[in-house]
Structure formats: structure tokens, C-alpha cells
Amino acid sequence: MSKSSITVKQVVYSGVAIALATVIATVIKLPSLPNGGSITLFSMLIVCLVGFWYGPKVGIIAALAYGVLQFITGPYVVHPAQVLLDFPLAFGALGLSGFFSKSKHGLLKGYLVGVAGRFLFHEISGFIFYTTYVGDFGGNMAAIWASTLYNLSYILPEAILTVILIALPPVEKVMGRLKVMATSSN
């Protein structure tokens with residue numbers, strides 16, 4: 001097996017993380033907003049963990065799979081571009097956490113970058129959605145603001161709660177132990 005291959009252990013840990021994040025996003029969440037999106041309890045963190053454990057390749061693949069699963073379990077689509085932007089690309093961005101897998105405070109940094117990436121794709125999708133209702137420059141500016149405020153209304157609270165959780169020393173210690181378990185060769 002080549003060094004760049006994905007191992008069985010990586011597939012198993014990624015699958016468990018995706019399943020857990022899906023259960024949390026489906027069952028343990030605040031009510032969904034009218035145009036999609038909701039605050040879940042740390043589902044984005046669980047997806048970002050895969051990148052933190054295994055780097056960007058495995059992290060992005062797992063996050064893309066999670067995005068497809070989110071589309072299957074609860075799609076909300078008005079414009080065809082939203083299928084790509086709101087699901088595989090937005091959730092796939094959570095895998096960007098893998099670029100920080102070897103840095104100090106890598107989970108925190110990776111989580112913030114992954115969430116920012118997710119927000120960016122939802123922002124573009126929201127702009128397309130809101131622009132269908134307006135047609136001039138002033139309306140387009142309103143669409144940008146509407147998309148920004150809407151998407152921040154559910155992404156930001158979850159991000160703040162997660163950053164607080166990650167910053168707690170006992171949690172940071174547990175996350176380090178989980179990484180050792182996930183990456184050990186036995």
C-alpha cells in the first residue's frame with residue numbers, strides 16, 4: 001500500500017465521525033430556519049476532527065461525503081447551483097481543517113478555517129437565492145446583506161459554542177488523546 005493511500009482505520013474513524021455528526025445534525029438541533037440551516041451541537045467539530053486527525057486529503061473527502069449525506073437527509077434547494085454550493089462544497093470546506101493537523105492549536109485553527117469556508121459557500125448560495133427576488137444593484141446589496149445575516153444567524157452561534165468548548169483545557173487534552181488513538185498504527 002502506498003503512503004498516500006487511505007487506510008481502513010481512516011475509513012472506519014471517518015465513517016464513525018460522519019455518522020455521529022449526521023445523527024447530531026438530524027436529531028440534536030435547534031429548529032431549522034425557514035430557508036435551511038440550523039444550530040446543531042458540535043456537528044461541524046466532529047467533521048473537522050477527521051481533517052485534524054488525518055490531514056486535508058482524508059478530511060476533505062470525509063467532509064464531502066458528509067455534505068452529500070446532508071443533502072440526502074434534508075435538502076433545501078431553490079436554485080440548482082445551491083445543490084453544489086450548500087451541500088458538498090459548503091460541508092466539504094470543513095475538511096480544510098486538515099491543513100492545520102500538525103500545527104499548534106491545529107484543531108482550533110482548522111475548525112475556524114473550515115467554518116469560514118462553509119460560511120463562504122453558503123454566502124454565495126444565499127446571494128444567488130436572495131438575488132432571485134431583486135434585480136438592481138441596490139437589491140443585490142440587500143441580497144448580500146440578507147445572505148450574510150441569515151447564514152451568520154446559525155453558523156456563528158455554533159462556532160462560538162464550539163470554540164469555547166475546544167478552548168477548555170480538559171477538552172483540548174481529550175482531543176489530543178483522540179488524535180493519538182486515531183493515528184496510532186495498532
Side-chain angles (χ1 to χ4, degrees), residues 4-7 9-26 28-29 32-33 35-103 106-129 147-148 150-159 161-163 166 175 178-179 182-183:
S4 66
S5 294
I6 297 173
T7 67
K9 186 173 188 175
Q10 290 172 334
V11 171
V12 170
Y13 272 66
S14 298
V16 169
I18 292 166
L20 181 58
T22 301
V23 168
I24 289 171
T26 306
I28 309 171
K29 66 178 179 179
S32 294
L33 296 173
N35 298 321
S38 64
I39 300 169
T40 61
L41 293 177
F42 313 114
S43 65
M44 291 190 294
L45 170 62
I46 294 167
V47 175
C48 287
L49 280 173
V50 177
F52 176 63
W53 295 335
Y54 302 121
K57 177 183 173 185
V58 176
I60 290 170
I61 291 169
L64 285 168
Y66 177 71
V68 170
L69 195 53
Q70 287 300 298
F71 176 72
I72 292 168
T73 60
Y76 184 90
V77 179
V78 175
H79 189 281
Q82 290 178 292
V83 173
L84 186 61
L85 290 165
D86 274 342
F87 294 98
L89 293 179
F91 288 104
L94 295 173
L96 297 174
S97 61
F99 285 106
F100 300 89
S101 64
K102 294 181 177 151
S103 71
L107 180 57
L108 179 61
K109 292 175 189 173
Y111 176 78
L112 291 172
V113 167
V115 170
R118 178 181 173 195
F119 171 77
L120 178 66
F121 284 111
H122 285 313
E123 179 71 11
I124 295 166
S125 176
F127 176 72
I128 292 169
F129 171 77
S147 178
T148 300
Y150 187 87
N151 288 307
L152 283 177
S153 74
Y154 65 92
I155 290 177
L156 190 59
E158 182 173 346
L161 290 172
T162 304
V163 166
I166 292 171
M175 292 300 174
L178 282 173
K179 183 171 184 171
T183 58

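Along the sequence shown, the residues carry numbers beginning at 1.
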Please report, to 0.1 Å, the donor-acceptor pairs under 3.5 Å made by any side chain of residues 108-116, with sequence neighbours excluded.
{"residue": "Lys109", "atom": "NZ", "partner": "Lys104", "partner atom": "O", "Å": "3.0"}
{"residue": "Tyr111", "atom": "OH", "partner": "Thr162", "partner atom": "OG1", "Å": "3.3"}

Just distance, no hydrogens or angles: give the donor-acceptor pairs under 3.5 Å from side chains in residues 90-100, sequence neighbours left out.
{"residue": "Ser97", "atom": "OG", "partner": "Cys48", "partner atom": "O", "Å": "2.8"}
{"residue": "Ser97", "atom": "OG", "partner": "Leu94", "partner atom": "O", "Å": "3.1"}

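Under the side chain to side chain contact (heavy atoms under 4.5 Å, CB included) criterion, Ala25 pairs with Thr40, Ser43, Tyr66, Gln70, not counting sequence neighbours. With sequence neighbours excluded, no residue forms a ring-ring contact (aromatic ring centres under 6.0 Å, His included) with Phe119. Legend: residues meeting side chain to side chain contact (heavy atoms under 4.5 Å, CB included) with Val11, ordered by chain and number and at least two apart, are Ile6.
Identified under the ring-ring contact (aromatic ring centres under 6.0 Å, His included) test for residues 41-62, with sequence neighbours left out: Tyr13-Trp53.
A donor-acceptor distance shorter than 3.5 angstrom exists from the side chain of Thr22 to the backbone of Ile18, with no hydrogens or angles considered.
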Practice problem: Test side chain to side chain contact (heavy atoms under 4.5 Å, CB included) on Leu45 and Met175 and set out the steps. | Solution: CA-CA 11 Å; Leu45 170 62; Met175 292 300 174; 4.0 Å; yes

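Separating the CG atom in Asp86 from the CG atom in Asn151 is a distance of 7.5 Å, to the nearest 0.5 Å. Rounded to the nearest 0.5 Å, atoms OG1 (Thr183) and NZ (Lys9) are 7.0 Å apart. Within the model, atoms CG of Leu89 and NE2 of His122 stand 10.5 Å from one another, a figure rounded to the nearest 0.5 Å. The structure places CG of Leu156 at 9.5 Å from CG of Leu161, a figure rounded to the nearest 0.5 Å.
When all heavy atoms of Pro88 and Leu64 are compared, the pair lying nearest together is O-CD2, 3.1 Å. When all heavy atoms of Glu158 and Met44 are compared, the closest pair comes out as OE2-N, 3.4 Å. Between Ser125 and Gln82, the closest heavy-atom pair is OG-CG, 2.9 Å. Minimum interatomic distance between Ser101 and Gly51 (heavy atoms only, all atoms of both residues): CB-O, 3.5 Å.
Results of the side chain to side chain contact (heavy atoms under 4.5 Å, CB included) test with Ile46 over Ile24, Val23, Val16, Leu41 single out Ile24 as the only residue that passes.
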